[in-house]
Amino acid sequence: MAETLFFMQVVAENMLGDKKVTVVFVLGGPGSGKGTQCSNIVEHFGFTHLSAGDLLRAEIKSGSENGTMIENMIKEGKIVPSEVTIKLLQQAMIKNENDKFLIDGFPRNEENRAAFENVTKISPAFVLFFNCSEEEMERRLLGRNEGRVDDNIETIRKRFKVFVESSLPVIEYYDAKDKVKKIDAAKPIPEVFEDVKAIFAPYAKAT
Ligand SMILES: Nc1ncnc2c1ncn2[C@@H]1O[C@H](COP(=O)(O)OP(=O)(O)O)[C@@H](O)[C@H]1O
Ligand SMILES: Nc1ccn([C@@H]2O[C@H](COP(=O)(O)OP(=O)(O)O)[C@@H](O)[C@H]2O)c(=O)n1
Ligand SMILES: [Mg+2]
């Protein structure tokens with residue numbers, strides 16, 4: 001009986017319906033280059049990129065009942081309640097035929113992390129952490145030019161504070177489990193991608 005239970009637990013892990021999925025969490029401060037490098041990884045390694053921030057912004061645009069709440073939280077640099085973000089991530093993974101996902105900008109706090117684990121039973125293969133100074137991240141965000149309501153100096157300062165207080169502890173949590181692959185993200189885009197490539201080599205597309 002005990003053996004059967006153990007077996008069932010192992011089988012259930014990282015399953016999404018009837019597919020077994022590989023998930024990589026892509027974390028780092030605002031402007032560290034998560035989205036930029038995820039695009040490169042998608043192209044070279046066949047992952048599907050799910051940006052929590054992009055999904056939340058799409059939810060605002062869709063006119064959802066949560067739209068106003070999400071928009072207000074983004075403007076303030078605050079973290080949206082996990083149930084909202086997790087539902088969007090889960091739906092996106094189920095809808096997609098791929099079994100390899102980059103989850104960018106999530107989990108951003110302890111609540112995000114624990115709720116995702118409890119609800120989905122998915123744990124990440126590893127966590128890619130883009131390490132960059134605030135000075136450099138601030139410069140990049142102010143030059144991003146995507147018309148985002150949160151890329152202004154006042155909100156940027158709030159986002160940095162949230163990152164240090166709420167998101168860094170999540171990275172420490174995974175670091176204690178030896179799951180963090182830390183990248184020097186202050187270098188130019190192609191150089192950062194060289195380091196990223198070395199980490200993803202085991203996931204190279206079969207040719
Ligand atoms: N290594 C880099 N060096 C200089 N600029 C970068 C680098 N990586 C990304 N950028 C630029 O910085 C801005 C923020 O990058 P982005 O990928 O959106 O970061 P994040 O998703 O972590 O907020 C974008 O305008 C992007 O073109
Ligand atoms: N897990 C997440 C991710 C983003 N967000 C919100 O979305 C905003 C933008 O996130 P993002 O990942 O697109 O931002 P960048 O780090 O890419 O600059 C955050 O500042 C939060 O307000 C959230 O609430 N929860
Ligand atoms: Mg981003």
Side-chain angles (χ1 to χ4, degrees), residues 9-10 12-14 16 20-42 44-45 47-55 77-82 85-86 89-90 93 100-138 140-141 156-189 191-204:
Q9 239 174 339
V10 169
E13 236 172 58
N14 279 25
L16 197 76
K20 185 165 169 50
V21 293
T22 299
V23 163
V24 174
F25 288 149
V26 181
L27 302 178
S32 58
K34 301 181 294 296
T36 304
Q37 296 299 332
C38 281
S39 300
N40 287 335
I41 300 165
V42 164
H44 286 75
F45 299 102
F47 276 70
T48 292
H49 174 208
L50 300 178
S51 156
D54 286 351
L55 289 169
K78 290 184 181 156
I79 298 168
V80 173
S82 299
T85 318
I86 290 172
L89 287 168
Q90 250 183 331
M93 283 195 284
K100 297 189 290 183
F101 296 95
L102 299 170
I103 298 194
D104 158 10
F106 183 99
R108 253 183 160 89
N109 62 8
E110 178 58 21
E111 190 214 358
N112 274 183
R113 183 197 65 71
F116 185 84
E117 217 166 84
N118 290 334
V119 172
T120 68
K121 310 290 176 210
I122 294 172
S123 40
F126 60 88
V127 174
L128 193 62
F129 168 41
F130 291 114
N131 190 41
C132 194
S133 70
E134 285 191 2
E135 194 189 11
E136 174 64 15
M137 294 194 291
E138 181 181 306
R140 291 179 189 176
L141 292 173
I156 288 169
R157 297 235 159 97
K158 291 180 182 164
R159 289 156 72 199
F160 285 166
K161 190 164 185 290
V162 168
F163 177 70
V164 171
E165 288 176 359
S166 302
S167 309
L168 271 183
V170 173
I171 293 157
E172 280 158 16
Y173 169 90
Y174 286 114
D175 198 30
K177 292 178 176 282
D178 266 339
K179 282 209 170 189
V180 175
K181 300 190 189 291
K182 184 172 170 176
I183 300 269
D184 175 4
K187 298 192 281 189
I189 295 171
E191 287 177 35
V192 176
F193 189 53
E194 282 308 306
D195 295 344
V196 168
K197 256 200 255 178
I199 289 167
F200 278 85
Y203 297 88

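We're numbering straight along the sequence, starting at 1.
- Between atom CD of residue E117 and atom CD1 of residue I86 there is a gap of 10.5 Å, rounded to the nearest 0.5 Å.
- If you take OG1 on T36 and CZ on R140, they are separated by 8.0 Å, rounding to the nearest 0.5 Å.
- Between I189 and N40, some side-chain heavy-atom pair lies under the 4.5 Å cut-off.
- Closest approach of C38 and D104 over heavy atoms only: SG-CB, 4.0 Å.
- Residues E134 and V164 are in side-chain contact: their nearest non-hydrogen atoms beyond the backbone lie under 4.5 Å apart.
- With sequence neighbours left out, the ring-ring contact (aromatic ring centres under 6.0 Å, His included) criterion links F130 to no other residue.
- Proximity of a side-chain donor or acceptor of K34 to a complementary backbone N or O of G28 within less than 3.5 Å is detected.
- The shortest distance between side-chain heavy atoms of M93 and V23 falls below 4.5 Å.
- Considering all non-hydrogen atoms of both residues, S32 and C132 come closest at CB-CB, 4.2 Å.
- Across every non-hydrogen atom of I41 and F193, the tightest pair is N-CE1, 4.0 Å.
- In this structure, CZ in F129 is found 9.0 Å from CD in E172, a value given to the nearest 0.5 Å.
- Between P30 and R159 the shortest heavy-atom distance is CB-NH2, 3.6 Å.
- A distance of 8.5 Å separates OH in Y173 from NZ in K179, rounded to the nearest 0.5 Å.
- At least one side-chain heavy atom of R157 sits less than 4.5 Å from a side-chain heavy atom of E138.
- Within a 6.0 Å radius of NZ in K187, more than 12 heavy atoms belonging to other residues, nucleotides or ligands are found.
- A 4.5 Å side-chain heavy-atom check between S123 and N14 finds at least one atom pair inside the cut-off.
- Here the closest non-hydrogen pair linking V170 and S166 is CG2-O, 3.7 Å.
- Between V180 and the options D175, L128, L27, a side chain to side chain contact (heavy atoms under 4.5 Å, CB included) holds for only D175.
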message = Could you go through H44 and V196, starting from their C-alpha distance and side-chain angles, then the distance that decides it, and tell me whether this counts as side chain to side chain contact (heavy atoms under 4.5 Å, CB included)?
response = CA-CA 11 Å; H44 286 75; V196 168; over 6 Å; no
query = Does the side chain to side chain contact (heavy atoms under 4.5 Å, CB included) test come out yes or no for L102 and F45, once each step is laid out?
reply = CA-CA 11 Å; L102 299 170; F45 299 102; over 6 Å; no
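- Ring centroid separation for the pair F47 and F200 comes in under the 6.0 Å cut-off.
- In this structure, the side chains of Q37 and V26 stay at 4.5 Å or more apart for every pair of heavy atoms.
- With rounding to the nearest 0.5 Å, the separation of OH in Y203 from NZ in K100 is 9.0 Å.
- Across all non-hydrogen atoms, the minimal contact from A125 to T22 is CB-CG2, 4.1 Å.
- Distance check, rounded to the nearest 0.5 Å: CG of N112 to CD1 of I103 gives 10.5 Å.
- The shortest distance between side-chain heavy atoms of F126 and I199 falls below 4.5 Å.
- For the pair I171 and F163, the minimum side-chain heavy-atom distance is below 4.5 Å.
- Atom NZ of K182 is surrounded by 12 or fewer heavy atoms from other residues, nucleotides or ligands within 6.0 Å.
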